[in-house]
Amino acid sequence: REYRPPARLTSQLLAARAAYVLRGNDQGVMTSAAPRLYPHMWSWDAAFVAVGLARLSVPRAITEIDTLLGAQWGDGMIPHIVFSPDATGYFPGPDRWGCHLGDVALAPPFPATSGICQPPVHAIALQRIVEAARRQGRSDRQAAGDFLERAWRPLVAWHRWLAEARDPHGHGRVAVLHGWESGMDNSPRWDGPYSRVEVGPDLPPYTRKDTAVVTDATMRPSDREYDRYLWLIEEMRRVRYDAAAMYETVSFAVEDVLVSALLAVACDVLADLGEERQQPAADVADLRGWARRFRAGVAGSVDPVTGLARDRDLRTGEWLSTPTIAGFAPLLCGGLSRADEAALLAQFEGDAWCGHPDLVAAVPPSTSPAAADFRAREYWRGPQWPVIAWLFHWSFARRGWAERAAVLREEGLRLVGAGDFAEYYDPTTGEPLGSMQQSWTAAAVLDWLC
Ligand code: 9WN
């Protein structure tokens, strides 16, 4: 396929454009994930957006997370979408979820939300806000300190909910009950579990809106996939989003290694902040315990043959070994022996992944270009997502791998250098795909450049 990348912008211009994108998507107290395709707030997007906003304005970054936490459910779950009252252009919207209609006891009546969650990266945002405030004046430092006090209990409650409601048997791995909960909707990781989801004959009819925005339908999940996505919502609605009933009955239930690794890291990040800022010792001890448990659960999932971490289908008990970016989850949270970690790092940088000879930029593709499942333009089936590059960059820096972190930053900037701020990119041509002006892409760039 012919695609000639336009010239790279200077760093200054790229950063200015990134700020402009976030400004354009700002609805006041929430930032839409993208202007047309996603005109609401998404949970993990909001955390990454706050990381970027912290470089522009600490108070505005705080507002973003305050808005998200304002939609937290009574049991601690942070919902994956907080619907903007001012936007309608997304399906499934509030009425299809039905969480705000009164019979879902734990959901807030306002704002309307979805009934599932997304990866727990919010403590990372808190840490980056505190960090950014350190470099600013007294009022920002004070605002960040107050924010930490205010966000502490909600964030501990969120982590507790994930540990208890989504890992009730203590496996050390968080269960996702919908591909959307993983944030990697149609990753080939989920093909097996989804193939076992039988769509009932009583699935209410619906019309997709996403393919009216991204008109090349091959860049989005298929209609067949959407039927299953909608069917799972139907199953959840029928048990009124009761967490225990969902865990037992929803036809898609998979222990997700990437979410589990992120929970482990997020617990440690939050515990570090809590120790530094004198938060309750009992909370800190719980956080450390969850960090240990989920780190061990991720390490315990590693395939002895490939060295990659694996998800596990809770409905069949089988390990899922499709080679996707989630296989590198242990690099985020640690927990492997030195030798296993070195081998996994070598694989990450090797020619089946970031070092594949066909890649324009050496950042991880969502699926290995060497795998039979690889599709260069199809959403989570192959494209590179700048936000995922940022996540590995941040984790590598946190783990003390400064040089490797610098390479991911440099290569990530190569990918996004023309300033489209696309949702994802074709790894083999560098073509921007999906939605443009995607907020979390702009946020990653701001963090890299400012
Ligand atoms: C469903 C907002 C979200 C991201 C997800 C990404 C995509 C939604 C969709 O967009 O998912 O939640 O409609 O495709 O897969 O990671 O949070 O940017």
Side-chain angles (χ1 to χ4, degrees), residues 21-22 25 30-52 64 68 78-84 87-94 96-97 99 113-122 125 176-190 194 206-214 216-223 225-230 232-233 236 252 256 258-259 262 324-326 366-367 378-391 421-425 433-444:
V21 166
L22 288 187
N25 294 347
M30 67 160 72
T31 305
S32 7
R36 291 178 59 229
L37 187 59
Y38 308 120
H40 305 282
M41 169 181 263
W42 262 257
S43 166
W44 75 327
D45 298 57
F48 292 116
V49 163
V51 168
E64 196 70 13
L68 180 67
I78 296 184
H80 106 296
I81 302 176
V82 181
F83 287 104
S84 158
T88 52
Y90 180 79
F91 179 84
R96 186 70 180 213
W97 288 98
C99 298
T113 73
S114 67
I116 56 172
C117 62
Q118 267 190 331
V121 288
H122 312 87
V176 294
L177 306 178
H178 197 298
W180 284 343
E181 292 203 309
S182 71
M184 301 189 175
D185 316 1
N186 73 339
S187 167
R189 302 160 75 186
W190 311 137
Y194 268 129
Y206 67 94
T207 308
R208 290 175 66 169
K209 291 187 176 171
D210 58 318
T211 39
V213 180
V214 178
D216 179 348
T218 61
M219 291 182 200
R220 293 283 307 171
S222 66
D223 286 346
E225 285 170 320
Y226 254 76
D227 276 353
R228 290 174 172 145
Y229 300 166
L230 271 298
L232 295 179
I233 297 178
M236 295 172 183
F252 179 105
D256 178 322
L258 195 81
V259 170
L262 290 171
T324 70
I325 182 61
S366 42
T367 300
E378 223 183 295
Y379 211 42
W380 289 101
R381 294 183 179 277
Q384 289 161 320
W385 291 64
V387 73
I388 299 298
W390 185 88
L391 189 58
F421 304 102
E423 193 180 5
Y424 44 97
Y425 290 79
L433 304 172
S435 171
M436 302 299 133
Q437 284 93 46
Q438 180 87 9
S439 293
W440 64 10
T441 305

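Since this is a predicted model, take the numbers as computed values, not measurements. Start at 1 and go down the list; that is how both ligands and their atoms are numbered.
- Heavy atoms of Arg220 approach ligand 1 to within less than 4.0 angstrom.
- In terms of polar-atom proximity, Trp42 is counted as a contact of ligand 1, with an N or O under 3.5 Å from an N or O of the ligand.
- Close approach of ligand 1 to Asp185 is summarised as follows: ligand atoms under 4.0 Å from at least one heavy atom of the residue are 1 (C), 6 (C), 7 (C), 8 (C), 9 (C), 11 (O), 14 (O), 15 (O).
- Among the atoms of Trp385, none of the N or O lies under 3.5 angstrom from an N or O of ligand 1.
- With contacts defined as side-chain heavy-atom distances shorter than 4.5 Å, the pair Gln438/Tyr424 does not qualify.
- Taking the six-membered ring for Trp, Tyr38 and Trp440 have ring centres at least 6.0 Å apart.
- The ligand atoms of ligand 1 that sit less than 4.0 angstrom from a heavy atom of Ala33 are 2 (C), 18 (O).
- At least one N or O atom of Gly183, backbone or side chain, sits closer than 3.5 Å to an N or O atom of ligand 1.
- Residue Arg96 qualifies as enclosed at atom CZ: its count of foreign heavy atoms under 6.0 Å is above 12.
- Taking every non-hydrogen atom of Gln118 and a distance limit under 4.0 Å, the qualifying atoms of ligand 1 come out as 4 (C), 5 (C), 17 (O).
- Annotation: side chain of Trp380 is not in contact with side chain of Arg189 (no heavy-atom distance under 4.5 Å).
- Closest heavy-atom approach to atom 2 (C) of ligand 1 within the set Ile116, Asp210, Asp45: this belongs to Asp45.
- Contact of the Leu37 side chain with the Asp210 side chain is registered, since non-hydrogen atoms from C-beta on lie closer than 4.5 Å.
- Considering backbone and side-chain atoms alike, Tyr90 places an N or O below 3.5 Å from some N or O of ligand 1.
- In this structure, atom 6 (C) of ligand 1 lies nearest to the protein heavy atom Tyr379 OH, 3.5 Å.
- Residue contacts with ligand 1, taken as heavy atom pairs separated by less than 4.0 Å, do not involve Met184 at all.
- The side-chain tip of Arg228 does not point at the ring of Phe252 from less than 6.0 angstrom away and within 45° of straight on.
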Could you pull out all donor-acceptor pairs under 3.5 Å where a side-chain atom in residues 113-121 meets a protein atom, sequence neighbours excluded?
| residue | atom | partner | partner atom | Å |
| --- | --- | --- | --- | --- |
| Thr113 | OG1 | Trp73 | NE1 | 3.0 |
| Ser114 | OG | His80 | N | 3.3 |
| Ser114 | OG | His80 | ND1 | 2.8 |
| Ser114 | OG | Ile81 | N | 3.1 |
| Gln118 | OE1 | Ser43 | N | 3.4 |
| Gln118 | OE1 | Trp44 | N | 3.0 |

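- If you number the atoms of ligand 1 from 1 as listed, the ones under 4.0 Å from a heavy atom of Gln438 come out as 18 (O).
- Asp227 and Tyr206 form a side-chain donor-acceptor contact under 3.5 Å, judged by distance and modelled atom types alone.
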